[in-house]
Every structure is written in structure tokens, then in C-alpha cells.
Amino acid sequence: MPLTLEQLNAASALEAAAWLGGLYEPSPWVIEGALARRPFLSLAHLKYVMADIVRHAGRDRQLALVRAQPELAGQAMVGNTQTPESGHEPDQAGLTQCTAAELAKIQRLNADYNAKFGFPLVLAAPGPTGLGLTRSEIIATFERRLDNPADFELLECLRNIDRIAEIRLNDKLGVTPELGNQVWDWAQRLATHSEAAYADRGELTVTYLSDAHRAVAQRLAHWMRADCGFDEVEIDAVGNVVGIYHGSTRDAKRLLTGSHYDTVRNGGKYDGRLGILMPMVCVRELHRQGRRLPYGIEVVGFAEEEGQRYRAVFLGSGALTGHFNADWLAQQDADGVTMREAMTRAGLCVDDIPKLRRDASKYLGFVETHIEQGPVLNEIDLPLGIVTSINGSVRYIGSIIGMASHAGTTPMGSRRDAATAAAELTLYAERRGSSVPNVVATVGMLEVPSGSINVVPGRCNFSLDIRATSDDLRDSCATDVCAELVRICERRGLHFKLEETMRVAAAPSAPAWQRRWEQAVHALGLPIHRMPSGAGHDAMKLHELMPQAMLFVRGQNAGISHNPLESVTNDDMQLAADALSNLLLQLATELQQASISPAPD
Ligand code: GLV
Ligand code: MN
Ligand code: MN
């Protein structure tokens, strides 16, 4: 019989410590500290308390904890000295079947790591699902982590120890994160579709209306229809995948939810997609229970949010808010294919796009679940965070034009070098962004078209992305950077072109909707952590039409995103699905209590 939380809360400290003894072997102070903070409100609460104790233990205890961990595939395993709790974990990863060359490599990496940091690498070999990282994933992680700074690595080892404890605790309590596993499986299957040139290198890239993009849309639509029980599913005129699960009456108002399914180039598997798959799994559960809520649920997989193929961004959510600009149809991708051509080839009916505008009076609001894409939740050991506001942003595409000339014969004082001017601008943007809290400025693309090693650059193309918690902060930074561009070009005898390609206002969460997310997280027994979103999201477009609020899910690997290392555990996905289910039920209760009308704010 698995242990229960009730038993743990009721047991004597001695008995409970014996039950949990193996979780943080061999450091009994973690469990002793956690038990002193009983009662545990939930399994998630217990996990949080243990991680919190580790995080606040002080450096000496933390180092001792890390140093006490068995070395992966190293001496401990060879000598077969592991405890029962740790013994099966490397087995799951297949580490016991390492070839001699792999074992030698792991041992060499182990030695290098120990020499550099003074403690052994701790890696939760069971990985994000508990089923085990592959040997090549383990070796790649080892190699990558060797490059990290020492302080960061100590914390990363501790987080891995927490993850190992989490998996052991799930085992003890007989808990399987079923919904988290389902979302994880869907995300892996979607990630098998990538554009050919990138797939060949094992990279994930899904830009607007590429073959991979259309395959992902088909997958989503199929799962919505066949697996989840949505009543209506369609791919709309801009490529959004729209699934409707009706409320108790077909004309009931709807909750709108979703996120995007396109990716950046060489991106991660969860950015955007989590926000589609989470409500899908919740609808699947409602459908399995034969349950209808007093409102409908409309899940949208937005076709485009990342601005990768065309300069225009938020094509999917912009169509719903009535902000799809017909002029964009003439924009060309890098191969000269216009947006109109791409849409026509994909069988989309461009003329129907204006009809996609939603009538706000038919909706209760918009919620979006999204991977955090930053380090904050990871650092504070919290699986979920509440978004208070999405930063406002503005983007430009520009060119500085000088004079291409011979690199050997053009004296330094006579050059009109476009690339050095762009370099000056980049450094200024960095300085200006750093000078004020809550502002970021990035030159993410720099290109000397047809540059040569022996030619002074005559042209340099660049991008500029400026974001801030308020539109005023954003605009004053943008004004300064643009003024600096004028000054640089005047001083250097150059000229420039600059086109604003996107401007989205900061989007504070609607208080009532933010409160619903807070209540959902509270119901899971977790502390509430409020935070702004530095990244842009579809919610900021929907904000123009209806109240919105977002939930963030912790990312692994220090929260890295827009990167193949982006990762979320099945346990955290489970919690996000539970939080969304809770929000759906809260809303149902509110509407029932308000006796059909009026609608909640
Ligand atoms: C979208 O991911 C953005 O914030 O750039
Ligand atoms: Mn993104
Ligand atoms: Mn995103």
C-alpha cells in the first residue's frame, strides 16, 4: 500500500522520517526540517517545502549534500555501493549498459567536473518524465554543464537533487502525473514535425505555413476531434486550429484559451504549445466524465506568434482581434514567397480573415498557460507563477547604408563602414536598456549582405527589439535609440532606413482573472508568486478585446527557452493542468451562483 499524505501528517516525527528517509540520502536534516513544517497541504506543498529547506540550508550544508551524492556511472556504481533508492535510477537511464567508451567518457567528464567545481555533477538521470534520459543526453548534459560558472552549478546540482527526491516521493505515494504525461507525449509527437533543413540537424523549426507547420495543425485538429471530444474543430482562414467544447447550451458564452504552435528557429518543444495542450487535456477529462460546464471552452492553437517567416507578428491572435492588416499579405519571406502566396498554397481563404474577428460580448475572457521562459520560478523552486502584466514591446527592422570599398586601400579615416555603425548602435542599445530597470533592448539580427573579407561593409541590416513594463518606458528607450542612430549616421556620413514592424501595448492582467489563477494555485497548496512577463504572448493581443490573465509553468535547465534545451517536467505539467481545471471549475461555480447571468467580470 502506498503511503498517503494523511499518514505523513498524522505520524510521529520519527515514523514519518523513517518513511521519507531515502529521499535526500544521506542528509536527514532535509526531512527533519520539512516535517517540522507539517501539515503538508498537498504533495506539491511537501515537495516545495523540501526544496525550500535545501535552498536556505547555507553553503556548507548544500555542499555536503551535493558531495554525498553517488557519482553517476562512476565509482559508486562500479562498486555497487548505492542505496536501494538510488540504485534503480541509473538503470532506468540505461547507464548500466554503457559501452566501455561511454563509461570512459563519463568518468573523464566526472573527473574534469570534480576538478573544476570541487563537487560531483548531480544529474536527475530519470529526466523530465522519470523514464530516463538517454546515455547520449546524459553525456551532452555533462559536457554542457562543465562550462557553467561554479555558483550556478551548485544550485543546478541542488535542483537535480530535488528532482530525484520528487520522483522517489511519487513512487512512495504511488502517484503518476497522468495528465502531465499525456501533455508531455503530445509535445514530443508535435516536435517530430520540423522543417527539413533543420530536422536534418535534429533541430525543431516550425515557421508559418511550412510543411511542418501544417502537419502540426493537422495533428492538433485530429487530437481535438478524436481524442479530446471537442464538438467543433476547424483550421481557420489564417491557419489557427480552433476547437470548441460547448457549454450546457450551445449558445452559452465561451472562455477563450490557447497559445501558438509555431516555433522560433532551433526552438523548444513547449513554448506556445503547452498553452494549447493544457486546455486540450482538460477538455478531454470533461468529455470523459460526460461533463458540460455552464460556458463553452474555445481552444485556439494560434498559427503564428514568433515573427520568424514574415516581419508581421501575431498573425493568428491578431486575426481574432481584427488587427490582421491586409497590407501584410504582400510581405515576402527570405525566398521571395509572399504571405498571400503562402496562404493560397496552403488552401487558406485569405478573403475570410476579417470574418475571424471575435465578438467580445460572446466571451467571458481569455486565459493562457505558458512556459515561463526565464529563470525565476526555477530559482525559487516553484512550479507555477502568476503573471501580473505582459511587457509592452516595439520592433524595428533597419539598414545602415555606407559605401563598400577596398579593405586594403581605403584609409581608416575615409571609410563609410555600415557595420561599425551598427556595432555602435548595438552597444548604445545595450547601455540604454541597462540604464533603467524593467527595460530591455536587443539587436538580435545583424547582417552584412554579401559581405567579403576584403571589403569595407557598405550595408548592414539589423533588427531592434525594445520592451518594458510600461509603454512610456518602452517609448522613451525607443526614442533615444532612434536618435542615437541619427547621430551615428550623421557623424559617419551614412544614411539609414528604419521600419517599425510591431508595436504591442503592455498588457496588465485583469484583476478578477488573475485572482482566479491565484486561487487555483492556492488550492494546489502552493505559495503564490506574482511576476511580470518579459516575453510577448498571444494574451497581449487578446487583451485588446477582452480581459486576460496568464499562468506560467517552470522551465528546467534554469528556465532556458527559444533553445532546444527548453524543458518542463511531467510533474509540473500535471500541476498546470490541475490549476487550469481548477480555474474552469471556479468559473463554473461563479456562473452557477450568479444564476446564469450576469457574467463574471
Ligand atoms: C515571443 O516569444 C517573444 O517574446 O519574442
Ligand atoms: Mn517564443
Ligand atoms: Mn510563446
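Order of appearance sets the numbers: ligands from 1, and atoms from 1 within every ligand.
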Taking every non-hydrogen atom, the tightest pair across [X] and [Y]:
| X | Y | value |
| --- | --- | --- |
| Arg265 | Gln308 | NH2-O, 3.1 Å |
| Trp186 | Cys228 | CH2-SG, 3.7 Å |
| Arg459 | Lys497 | NH2-NZ, 4.3 Å |

Ring center gap for Tyr261 and His193 short of 6.0 angstrom: no
Presence of salt bridge, Asp236 and Lys355, under 4.0 angstrom: no
Lys/Arg N to Asp/Glu carboxylate O, Arg214 vs Asp211, below 4.0 Å: yes
Pocket residues of ligand 1, ordered first by chain and then by residue number (heavy-atom cut-off under 4.0 Å): Glu305, Glu306, Arg395, Arg467, Ala535, Gly536, His562
Ring geometry between Tyr208 and His213 (parallel below 30°, tilted from 30 to 60°, perpendicular above 60°): perpendicular
Protein N, O or S within less than 2.8 Å of the Mn ion (ligand 3), waters excluded: His260 NE2, Asp271 OD1, His370 NE2
Minimum side-chain heavy-atom gap Glu306-Asp271 below 4.5 Å: yes
Within 45° cone of Phe552 ring axis and under 6.0 Å: Arg554 NZ or CZ: no
